[in-house]
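Beneath this line is the structure, given in structure tokens, with notes to follow.
These numbers were taken from a predicted model, which means no experiment stands behind them. The sequence lines fix the lettering, A, B, ..., with proteins before strands; numbering per chain opens at 1.
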Amino acid sequence: MERRGLGPRVRRRRLRHQAVRTARARRQGQPPARLPQANLTSPGDPSVLRDDLASALRATLGAAGVDAPDDVHLERPARREHGDWSSNVALATAKRAGRNPRELGQQLVDLLSADPPTHVTKVELAGPGFVNFHLADDWLHAVLREVVVDGVDGYARPDLGHGRRVNVEFVSANPTGPLHAGGGRWAVFGDALGNLLERTGHVVHREYYLNDRGNQMRLFGASLAAAKAGEPTPEDGYRGGYITDWSAEMPDGVDPAAWGYDRVKRDLRDSLGSIGVQFDTWFSEQSLVDSGAVEATLAELRANDMAYDADGATWIRTEQFGDRKDQVIVRSDGEYAYLLPDLAYHRDKFGRGWELLIDVWGADHHGYVPSLKAALRCIGHDPDELELVLGQLVKLIRDGKEVRLSKRAGTLVLLDDLVTQVGPDVARLTFLLQSLDTTQTVDLDAITSQSMDNPVYYVQYANARIHSIAKRATEQGVARVPLDAADLSLLVHERELEVLRILEQLPDVVRLAALERAPHKVATWVRELADRFHGFYHDCYVMGEGVAPELTQARLWLVESARIGLAIGLDLLGVSAPETM
RNA sequence: GCGCUUGUAGCUCAAUUGGAGAGAGCAUCUGACUACGGAUCAGAAGGUUGGGGGUUCGAGUCCCUCCAAGCGCGCCA
């Protein structure tokens with residue numbers, strides 16, 4: 001049964017675990033806000049093992065006469081021969097202690113070897129001074145047990161938020177036409193981020209801000225009316241094919257702008273729904289004017305001398321809070337500039353009880369960040385209560401050429417078209433596999449014509465195999481014994497252990513992905529789990545001749561743990577887990 | 001001009017936030033058990049991480065500097 005050893009492909013990098021500042025926070029030069037820095041593990045979490053090792057190291061450092069650092073760093077080494085856990089404390093502290101790293105490391109190794117922590121079979125000094133821990137396989141069997149006992153709802157659910165109320169605003173494309181395919185990136189990202197925050201102990205609200213007033217809306221209505229009347233599109237108007245289509249739907253005698261607004265809202269809602277994204281609130285900018293919230297915000301600014309009149313316009317004092325310059329909030333023609341209603345909107349979100357606001361924007365708006373943050377300070381809010389997640393834009397390729405997107409020019413690849421062609425799962429995973437930090441290149445021909453190569457099938461196939469095994473077991477009358485009755489110590493095949501090693505990482509992956517606002521880490525992990533499961537499936541038969549019944553039982557539980565891990569990961573991504581393909 | 005972001009295998013992307021020999025998928029080539037679904041698995045090949053300098057025991061990651069690309073710098077939204 002043990003067919004062959006593992007090649008290099010299974011020796012992969014492991015996720016680190018320490019508390020981190022978010023990439024976003026670093027980029028914006030902020031402190032880590034209120035992200036928890038410690039105590040991130042729950043009782044029963046497999047990382048208690050890591051905590052054990054850390055405290056053992058801490059104690060040992062003390063015995064060696066060296067002050068332990070605040071963060072005794074432990075990580076999963078990339079290479080198997082470096083053990084299961086590794087620490088660089090000797091390297092990190094040697095200099096300050098005036099010691100030689102290897103000499104200090106050796107002392108730690110000697111002390112630890114004399115009284116090894118639980119599961120530890122060997123402690124070694126390696127390289128420039130790493131202390132490497134080798135563990136007995138049963139630590140991974142404990143992981144399996146925990147995954148199964150905690151289940152889909154309980155495993156990998158670190159409480160980072162403690163119920164903190166987070167409002168996530170994303171997409172918020174202007175309501176003047178359908179969503180283009182690139183917009184799917186924001187939709188899917190924001191939704192998956194919401195899932196991550198929910199899983200990590202936050203109360204999440206998904207919100208879409210509709211800029212339903214101003215010149216663009218007027219132009220949109222005028223464009224519809226013109227198309228219906230067979231007249232030329234107004235200057236700077238919208239001329240996409242949807243204008244023609246919609247104008248044909250538009251009844252006589254209606255206000256084109258109002259009718260168009262309803263039409264576009266329905267379209268946005270349907271398109272987003274088709275990739276599984278639902279908003280809790282569609283917030284109208286106009287409603288802020290109607291309710292007086294904009295005027296109230298303006299009055300508050302004036303009352304606190306945060307606004308002043310000059311050159312016929314009204315300005316807000318944002319420069320004192322780090323903006324390039326003060327900004328106009330009421331133009332000399334009396335119209336509100338974009339910032340004022342937007343500020344009123346954010347004020348409203350706080351007013352509704354949201355403690356942290358996350359706005360997901362395209363990087364083309366980054367220049368606006370300092371203005372909005374400064375404006376928030378002008379109304380007395382800590383700018384850290386607003387977090388901007390900026391993402392690079394999507395570049396669409398068709399026929400080997402970039403497709404430039406413009407609603408006005410009418411060159412559109414619609415999100416609807418994409419989803420119709422490839423389905424929501426492919427669309428979601430395509431967008432989610434990639435970090436928001438890089439410009440995403442989507443080759444439309446590749447993801448449509450070669451859709452069978454899409455990683456989503458690789459992952460879903462693993463799930464199908466899991467259920468196929470279950471079905472097979474049922475057919476053969478093999479019932480799973482209770483977990484406690486299974487002898488997990490039979491799971492010693494490298495393929496089995498690799499599955500458990502990746503499952504062990506899931507809580508860290510979830511935590512990191514949530515803290516860093518980086519759902520792509522979950523996507524990467526899911527693919528990795530699928531990869532290891534396929535390897536296990538290939539080399540380790542669960543049932544069949546030559547497989548002892550006890551081994552079958554242990555492997556059935558391993559399969560169950562993989563099912564749970566896959567379910568958690570796919571659920572976070574909003575990708576379905578079909579039982580058959 | 002100033003600012004932000006990006007630059008990793010032919011292509012699309014990862015990389016435990018400073019760790020050990022930079023990893024996947026696609027594409028190319030070569031293989032795989034008469035058993036649970038071959039949409040799978042194994043192997044080969046592919047790299048001066050844009051260039052150069054610096055900090056460090058250690059740099060794709062941090063600093064400086066060049067190069068290239070995208071974006072932003074409005075009484076637009």
Sugar-phosphate only, base, or nothing, as touched by A:Q440 at under 4.0 Å among non-hydrogen atoms: sugar-phosphate
Atom P, compared across B:A14 and B:A24: separation rounded to whole Å: 16 Å
Carboxylate-amine/guanidinium proximity below 4.0 Å for A:R495 and A:E498: no
Donor-acceptor pair present, A:T524 side chain and B:A24 base, under 3.5 Å: no
Secondary-structure string, 5' to 3', Watson-Crick or G-U under 3.5 Å, | for another-strand partners, for RNA chain B: (((((((..((((.....[...)))).(((((.......))))).....(((((..]....))))))))))))....
Side-chain donor/acceptor of A:R398 to backbone N/O of A:D445, under 3.5 Å: no
Nearest-angstrom distance, P atom, B:A69 to B:G31: 45 Å
Closest to the A:T438 side chain, choosing from B:A15, B:C13, B:G38: B:C13
Separation between the C1' atoms of B:G52 and B:G60, rounded to whole Å: 16 Å
Touch class at under 4.0 angstrom, heavy-atom based, for A:N132 against every strand present: base
Any residue meeting side chain to side chain contact (heavy atoms under 4.5 Å, CB included) with A:L393, in chain and number order, not counting sequence neighbours: A:W186, A:D364
Euclidean distance for C1', B:C26 against B:G46 (whole angstrom): 13 Å
Spacing of A:K395 atom NZ relative to B:U12 atom P, expressed in whole Å: 8 Å
Test log, rule side-chain hydrogen bond (donor to acceptor under 3.5 Å, both in side chains), inputs A:Q460 and A:D425: CA-CA 10 Å; A:Q460 290 181 328; A:D425 288 338; 2.9 Å; yes
A:F130 over B:G19, stacked by centroid distance under 5.5 Å, angle under 30°: no
Side chain of A:Y541 - closest among B:C33, B:A20, B:A39: B:C33
Of all pairs that satisfy salt bridge (Lys or Arg N to Asp or Glu O under 4.0 Å), the ones with a partner from residues 85-100 of chain A, not counting sequence neighbours: A:R99-A:E103
Sequence-distant partners of A:S371, side chain to side chain contact (heavy atoms under 4.5 Å, CB included), two or more places apart: A:D323, A:Q327, A:Y368
For nucleotides 56-58 of chain B, give me every protein contact, N/O to N/O, under 3.5 Å, one pair per line with atom names.
{"residue": "B:C57", "atom": "OP1", "partner": "A:K95", "partner atom": "NZ", "Å": "2.8"}

Test: A:R50 and A:D84 ion pair at under 4.0 Å: no
Closest contact, heavy atoms only, A:P128 versus A:L91: O-CD2, 3.4 Å
P-based separation of B:A9 from B:C13 [nearest Å]: 11 Å
Residue mapping more 5' on RNA chain B - nearest nucleotide basis, A:E579 or A:V442: A:V442
Any A:T441 side-chain N or O less than 4.0 Å from OP1/OP2 of B:C13: yes
Nearest-Å distance once atom P is located in both B:A27 and B:C71: 32 Å
Min side-chain heavy-atom separation A:P519-A:L572 under 4.5 Å: no
Base versus backbone protein contacts along nucleotides 70-77 of chain B [heavy-atom cut-off under 4.0 Å; B, S, -]: -BSS-BSB
Sugar-phosphate, base or nothing in reach of A:A473, heavy atoms under 4.0 Å: nothing
Phosphate OP1/OP2 of B:C41 contacted by A:R465 side-chain N/O (<4.0 Å): no
B:A59 and B:U48, which share atom name C1', separated by this distance in whole Å: 14 Å
Sugar-phosphate, base or nothing in reach of A:S435, heavy atoms under 4.0 Å: sugar-phosphate
Within the 6.0 Å centroid threshold, strictly below: A:H534 and A:Y458: yes
Which nucleotide in B:G38, B:A32, B:C36 has an atom nearest any side-chain atom of A:H538: B:A32
Centroid separation A:F189 to A:F170 less than 6.0 Å: no
Closest listed nucleotide, where the reference is the side chain of A:H520 and the choices are B:G38, B:A20, B:A14: B:A14
Given RNA chain B, 5'-ward residue of the pair A:Y537 and A:G127, judged by closest heavy atom: A:G127
Contact check, side chains of A:N174 and A:M217, non-hydrogen atoms, under 4.5 Å: no
Pairwise C1' distance for B:C33 and B:G50, with rounding to whole Å: 47 Å
Validation row: A:Q216, A:Y238 side chains within 4.5 angstrom (heavy atoms): yes
Candidate nucleotides B:C36, B:G19, B:C41, ranked by approach to the side chain of A:R472 - the nearest: B:C36
A:Y457 side-chain N/O to B:A39 phosphate OP1/OP2 under 4.0 Å: no
Spacing between A:R80 atom CZ and B:A20 atom P, to the nearest angstrom: 16 Å
Separation of B:A42 P from A:R532 CZ (nearest whole Å): 12 Å
Side-chain heavy-atom pair A:L343, A:I316 within 4.5 angstrom cut-off: yes
